[in-house]
Amino acid sequence: MEPRFNMFDSPTAAKIAKRFFNVSIVLDESTLPKTLRELVELRVSQLNGCGFCVDIHTKEAAAAGESALRLNLVAAWRHTTVFTDRERAALALAEEGTRLGDHGVSDETWAAVRKHFDDDEVGALVCLIALINAATRMNVIVHNPGGSYEPGMFAGLEN
């Protein structure tokens with residue numbers, strides 16, 4: 001698969017991509033653990049069919065210490081025993097926040113999120129889900145393929 005378009009060839013898209021990366025730095029500074037953020041981003045990437053983002057978040061999660069077992073089970077997290085109630089709440093919010101057209105975010109999911117996350121973490125989680133949904137959609141539109149990502153390779157995008 002060849003990309004349809006290189007977003008960095010567009011001055012406007014390149015500026016937006018850099019700002020996306022800079023927003024992710026703010027999320028790195030949040031109290032949400034890196035592995036939890038990566039699991040959420042991986043699940044949204046799977047739902048949106050973004051091979052590029054699945055590649056990124058699988059490898060970043062592994063580099064952050066996530067186990068192969070848990071990475072392999074993210075797609076079927078509801079039918080496993082390897083995720084905590086806190087992680088399940090975040091994954092449910094990620095799924096419902098990605099599939100807003102189905103029924104929005106349920107009161108049950110929202111209650112679970114509020115039970116397991118403080119206000120700052122909820123804010124970070126909502127922003128994370130919105131950001132990865134936008135990123136996956138851009139990558140799917142332009143057919144960015146997965147497979148060649150190396151952890152940390154976007155580190156030079158700051159500013």
Could you give the distance from [atom1] ([X]) to [atom2] ([Y]), rounded to the nearest 0.5 Å?
X	Y	atom1	atom2	value
Leu47	Glu95	CG	CD	5.5 Å
Leu93	Ser106	CG	OG	9.0 Å
Leu39	Arg70	CG	CZ	5.5 Å
Ser45	Ile56	OG	CD1	7.5 Å

Go through the structure and list residues passing side-chain contact (heavy atoms from CB on, under 4.5 Å) with Ala130, not counting sequence neighbours.
none
Would a single hydrophobic cluster contain both [Y] and [X], if residues Ile, Leu, Val, Met, Phe, Trp and Tyr are joined by side-chain heavy-atom contacts under 4.5 Å?
X	Y	answer
Val26	Leu131	no
Val44	Leu100	no
Phe20	Met153	no
Phe83	Leu71	yes
Val54	Leu73	yes

Donor-acceptor contact present, side-chain [X] to main-chain [Y], <3.5 Å:
X	Y	value
Asn133	Ile129	yes
Asn48	Arg137	no
Arg4	His143	no
Asp120	Ser30	no

May I ask you to test the [X]-[Y] pair for a side-chain heavy-atom distance under 4.5 Å?
X	Y	value
Lys15	Lys18	no
Thr80	Arg88	yes
Met7	Met138	yes
Thr136	Phe52	no
Arg114	Thr109	no
Leu32	Leu27	no
Val105	Val113	no
Leu36	Phe117	yes

Passing candidate, side-chain hydrogen bond (donor to acceptor under 3.5 Å, both in side chains) with Tyr149, options His57, Glu60, Lys59
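Option passing the side-chain hydrogen bond (donor to acceptor under 3.5 Å, both in side chains) with Tyr149: Glu60.
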Closest heavy-atom contact between [X] and [Y]?
X	Y	result
Thr35	Ala64	CG2-O, 3.7 Å
Gly147	Asp55	N-OD2, 2.7 Å
His116	Ala89	CD2-CB, 4.2 Å

Could you walk me through whether Trp110 and Val122 pass side chain to side chain contact (heavy atoms under 4.5 Å, CB included), step by step?
CA-CA 10 Å; Trp110 189 252; Val122 170; 3.6 Å; yes
Considering residues, nucleotides and ligands other than Asp107, do more than 12 of their heavy atoms fall under 6.0 Å from its CG?
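Result for CG/Asp107: open.
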Whether Arg37 and Glu41 form a salt bridge (side-chain N of Lys/Arg under 4.0 Å from carboxylate O of Asp/Glu) is what I want to check.
no
Side chains of Glu87 and Trp77: any donor to acceptor distance under 3.5 Å?
no
